Amino acid sequence: MTFALIDGNNFYVSCERVFNPKLEGRPVVVLSNNDGCAVSRSAEARALGIKMAVPWFQMKDMAKKHGIVALSSNYALYADMSSRMMSVLAQFSPDQEIYSIDECFLGLAGFEHYDLAAYGQEIRARVRKWLGLPVSIGFAPTKTLAKMANNCAKKGLAGANGVCDFGRMSESELSRLLSTIGIREIWGVGAQLTKQLTDRGITSVEALRTTDAKVLRREFSVVLERTVTELNGIPCIDMEESAPDKQQIMSSRSFGDYVTELEPLSAAVASFIAIAAEKLRSQGSVAGMVNVFIRTNTFAENQKQYQPSVTLPIPEPTSDTLALTSIALKGLRGIFKSGYSYKKAGITLMDLSDGSTAQPDMFSTARDNTKLMAVMDRINTQWGRGTLHSAAEGISNGWKTKRERMSQEFTTSWSGLPVVRVGSVRAGSNG
DNA sequence: CTATAACTCTCAA
DNA sequence: CTAACGTTGAGAGTTATAG
């Protein structure tokens, strides 16, 4: 069995470039929510030393000096481009696992006689031609190695031109290559493991790969044992055919401004519940518990800190936005204290179960809003989220996320289509 | 004491 | 002018608690 891992190159920046070709060749970054940190950087921005996840305000001066373009993230656009890309990639194998917004695995059982390097180039060419997006591709006998091969493809290692096939390399070639790569690059090895392994003198992928897996299991974890087994070409991680239902659904945001009053916090919490409950209904589940948290700005060390949270049971598990909102707001009132400047809040729906088999309460007095919710979901799907919302969400804007540098809704709204002037006629307006 | 619940830590994109 | 630092989810391992 061979796995392919296909990954968009600096995906968010590439999506922006499709609709704004002037960004080609220039240093571009896309910022996280609230215009906080750099989360996607073009090659030019990376070359200038912009690091991943660095707070943008720290980079502003040098960004200005080098003419770096910074954009707020336009998730609606990236999600839409993602689903188009996944459809195109699905044409290359009947076995696809969508792993994240910008990458997927393809299972290639039965492709043994293929020239994968050539197949990879074909995939790249089609995605580029049909969508304008650049991707890199790694092929290998395990998922962990496919991720690693993708990494090499992206960096142009081993003569790769956007495609790297470990399956075609000899053992000694592969060993030589892997001894030049640091363990931090491995899928499943984060900052903590990197530090601990480095302390024991294990710094290269090859060094880790040749360490006894049983010893690693004893001294670290099963997870690391699996990783090392996979690095040796023995698959432990299968393709996931369909995404299982979520076990918990969370919604949270940092605020654009500080919030000190209960009222805007309530509006925020109601909005988070609305977002999460919609997801809950779309997978046909009901929630049995809800957690609410609020927090002051943990980065502001000179400010009074307070980060309470509370978890409340939901006596009659439900997916009704209104019922969930009333419980969450009760929780919020319980933890809210005035005199603090809040910067973030969120909720988590937990203890999820299948809505169709949930045990109804025989003596229930709750009103059944099932049909109302169905109507609300239809309206919001068609006209955009938030078109119809509960009064509790309010009209208070004080808490909303900052997005001051956002591009248009090129693909997800008629009004976002670039305006084309033909004589005096304007096309692309939705009137 | 065991089974489970609840919580903490780590990782990923 | 100043201050300014993401979101969502899973799983393993550990600790607390119930029975």
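All of these numbers come straight from a predicted model, not from anything done at the bench. Numbers restart at 1 for each chain; the letters A, B, ... are given by sequence-line order, proteins then strands.
- The CE-P distance, from A:Met289 to B:dC7, rounds to 8 Å in whole Å.
- Around CG of A:Asp212, the count of heavy atoms belonging to other residues, nucleotides or ligands within 6.0 Å exceeds 12.
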Measure all distances between protein nitrogen or oxygen atoms and nitrogen or oxygen atoms of nucleotides 9-11 of chain C, and list the pairs falling under 3.5 Å.
{"unit_1": "C:dG9", "atom_1": "OP2", "unit_2": "A:Met250", "atom_2": "N", "d": "2.3"}
{"unit_1": "C:dG9", "atom_1": "OP2", "unit_2": "A:Met250", "atom_2": "O", "d": "3.2"}
{"unit_1": "C:dA10", "atom_1": "OP1", "unit_2": "A:Gln247", "atom_2": "N", "d": "3.3"}
{"unit_1": "C:dG11", "atom_1": "OP2", "unit_2": "A:Gln247", "atom_2": "NE2", "d": "3.2"}

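- In this structure, NZ of A:Lys400 is placed 15 Å from P of C:dT7, rounded to the nearest angstrom.
- Side-chain contact between A:Leu322 and A:Met373: present, with at least one pair of heavy atoms (C-beta onward) separated by less than 4.5 Å.
- Between A:Lys147 and the phosphate of B:dA13, there is a side-chain N or O to OP1/OP2 separation shorter than 4.0 Å.
- Counted by atom type alone, A:Gln305 and A:Arg295 present zero donor-acceptor pairs between their side chains at under 3.5 Å.
- The CD-P distance, from A:Glu301 to C:dA4, rounds to 11 Å in whole Å.
- When side chains are defined from C-beta on, A:Leu177 counts as touching A:Cys152, because their heavy atoms get closer than 4.5 Å.
- Between A:Arg26 and A:Gly67, the shortest heavy-atom contact is NH2-O, 3.2 Å.
- Dashed line: the shortest gap from a side-chain N or O of A:Ser254 to OP1 or OP2 of C:dG6 is under 4.0 Å.
- Counting heavy atoms from C-beta on, the side chains of A:Gln58 and A:Val54 come closer than 4.5 Å.
- Side-chain N/O atoms of A:Tyr258 include one lying less than 4.0 angstrom from OP1 or OP2 on C:dA4.
- Straight-line distance from the CD atom of A:Glu97 to the P atom of B:dA12: 15 Å, rounded to whole Å.
- In this structure, A:Glu301 places its CD atom where only 12 or fewer heavy-atom neighbours from other residues, nucleotides or ligands lie under 6.0 Å away.
- Listed pair A:Asn297 / C:dC5 meets the phosphate criterion, a side-chain N or O lying under 4.0 Å from OP1 or OP2.
- Looking at heavy atoms from C-beta onward, A:Ser309 lies in side-chain contact with A:Asn291 at the 4.5 angstrom threshold.
- The side chain of A:Asp102 lies closest to B:dA13 when the candidates are B:dA13, B:dT10, C:dC5.
- At the heavy-atom level, A:Arg217 lies nowhere under 4.0 Å from the strands shown.
- Listed by residue number, A:Lys343, A:Lys344 are the residues of residues 322-351 of chain A with a heavy-atom contact under 4.0 Å to DNA chain C.
- If you run side chain to side chain contact (heavy atoms under 4.5 Å, CB included) between A:Ser136 and each of A:Asn151, A:Asn161, A:Val163, A:Asn150, only A:Asn150 comes through.
- With rounding to whole Å, A:Asp35 atom CG is found 12 Å from C:dT7 atom P.
- Protein atom CG of A:Asp257 is 12 Å distant from nucleotide atom P of C:dA4, rounded to whole Å.
- Taking atom CG of residue A:Asp7 and atom C1' of nucleotide B:dA13, one finds them 9 Å apart after rounding to whole Å.
- Note: CG (A:Asn151) to P (B:dA12) measures 12 Å, nearest angstrom.
- Within residues 45-68 of chain A, the residues having any heavy atom closer than 4.0 Å to DNA chain C are, in order of number, A:Pro55, A:Phe57, A:Gln58, A:Lys60.
- Within 4.0 Å of A:Phe11, counting heavy atoms only, lies no atom of the nucleic acid at all.
- A close approach under 4.0 Å does not occur between any side-chain nitrogen or oxygen of A:Arg295 and OP1 or OP2 of C:dG6.
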Below 3.5 Å, can you tabulate the donor-acceptor pairs from side chains in residues 344-351 of chain A to any protein atom, sequence neighbours excluded?
none

- Would you write the dot-bracket representation of DNA chain C, where each base gets (, ), [, ], | or . depending on whether it forms a Watson-Crick or G-U pair under 3.5 Å and with which partner? ......|||||||||||||
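- Of the candidate nucleotides C:dT7, B:dT10, B:dA13, B:dA13 has the atom nearest to the side chain of A:Trp187.
- Side-chain contact between A:Arg84 and A:Trp130: absent, with no pair of heavy atoms (C-beta onward) separated by less than 4.5 Å.
- Distance from the side chain of A:Tyr99 is smallest to B:dA12 among C:dT7, B:dT10, B:dA12.
- For the side chain to side chain contact (heavy atoms under 4.5 Å, CB included) with A:Val292, the qualifying choice from A:Val310, A:Thr311, A:Leu312, A:Leu329 is A:Val310, the only one to do so.
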Using a 3.5 Å cut-off and no angle test, enumerate the donor-acceptor pairs between side-chain atoms of residues 268-285 of chain A and protein atoms at least two apart in sequence or in another chain.
{"unit_1": "A:Ser271", "atom_1": "OG", "unit_2": "A:Ala267", "atom_2": "O", "d": "3.0"}
{"unit_1": "A:Ser271", "atom_1": "OG", "unit_2": "A:Glu393", "atom_2": "OE1", "d": "3.2"}
{"unit_1": "A:Arg281", "atom_1": "NE", "unit_2": "A:Asp377", "atom_2": "OD1", "d": "3.4"}
{"unit_1": "A:Arg281", "atom_1": "NE", "unit_2": "A:Asp377", "atom_2": "OD2", "d": "2.7"}
{"unit_1": "A:Arg281", "atom_1": "NH1", "unit_2": "A:Ser319", "atom_2": "O", "d": "2.9"}
{"unit_1": "A:Arg281", "atom_1": "NH1", "unit_2": "A:Thr321", "atom_2": "OG1", "d": "2.9"}
{"unit_1": "A:Arg281", "atom_1": "NH2", "unit_2": "A:Asp377", "atom_2": "OD1", "d": "2.7"}
{"unit_1": "A:Ser282", "atom_1": "OG", "unit_2": "A:Lys279", "atom_2": "O", "d": "2.8"}
{"unit_1": "A:Gln283", "atom_1": "OE1", "unit_2": "A:Lys246", "atom_2": "N", "d": "2.9"}
{"unit_1": "A:Gln283", "atom_1": "NE2", "unit_2": "A:Lys246", "atom_2": "O", "d": "3.2"}
{"unit_1": "A:Gln283", "atom_1": "NE2", "unit_2": "A:Ser285", "atom_2": "OG", "d": "2.9"}

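- The residue A:Leu31 sits apart from the nucleic acid: no heavy atom pair falls under 4.0 Å.
- Ring-plane geometry between A:Phe105 and A:Phe3 is classed as perpendicular, the angle between the planes exceeding 60 degrees on a 0 to 90 degree scale with a lower cut at 30.
- Aromatic ring orientation, A:Tyr340 versus A:Tyr342: tilted (interplanar angle from 30° to 60°).
- Neither OP1 nor OP2 of C:dT7 sits under 4.0 Å from any side-chain N or O of A:Ser32.
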